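Below, all heavy atoms of this structure are taken into account, side chains as well, without hydrogens, waters or symmetry copies. Predicted model only: the values in this text are computed from it and were never measured.
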Amino acid sequence: GNSDAEIAQLLQEHFQQMTEAMAVCLYQSRQQGLIGTSENAWVLAYALLNALNGLRAVAKSGCSAEQLLSIKKMALLMLS
């Protein structure tokens, strides 16, 4: 089986790939005028991915749909 260190490395690589893909999409979206933020695309991608992961954790904790919607709206504000 895989060791904890190997699994941690795989997770880190996956998160880096996801961050890179999202950063490219955000950069292109900003260039096309689809989002208004002037924030660095890499920083924004990292923040949005962490917000998404946080939403998953909060959803599993049993919070209400209304609370999840409020958290989602806050995350999307990063794009404006």
Output for pair (Arg56 CZ, Leu68 CG), nearest 0.5 Å, gives 12.5 Å
Between the side chain of Arg30 and the main-chain N/O of Asn40, is any donor-acceptor distance below 3.5 Å?
no
Taking Leu76 as the starting point, is it possible to reach Leu26 by hopping between hydrophobic residues whose side chains are less than 4.5 Å apart?
yes
Side chains of Leu34 and Leu79: closer than 4.5 Å at any heavy-atom pair?
no
Tell me, which pairs form a ring pair (Phe, Tyr, Trp, His ring centres under 6.0 Å) where one or both residues lie in residues 19-64, sequence neighbours left out?
Phe15-Tyr46
Mind listing the closest non-hydrogen atom pair of Ala45 and Ala23 along with its distance?
CB-N, 3.6 Å
Value for CE (Met18) from CG (Asn53), rounded to nearest 0.5 Å, stands at 8.5 Å
From Leu48 atom CG to Cys25 atom SG, the distance as rounded to the nearest 0.5 Å
11.5 Å
Quick note, side-chain hydrogen bond (donor to acceptor under 3.5 Å, both in side chains) partners involving residues 10-23, not counting sequence neighbours, are Gln9-Glu13
Atom CD of Gln28 and atom CD1 of Ile35: how far apart are they, to the nearest 0.5 Å?
10.5 Å
Check the hydrophobic clustering (I, L, V, M, F, W, Y; side-chain heavy atoms under 4.5 Å; chains of links allowed) and say if Met78 and Met22 are grouped together.
yes
OG1-CG distance between Thr37 and Leu77, expressed to the nearest 0.5 angstrom:
11.0 Å
Pairs in or reaching into residues 66-80: which pass side-chain hydrogen bond (donor to acceptor under 3.5 Å, both in side chains), with residues at least two apart or in two chains?
Ser64-Gln67
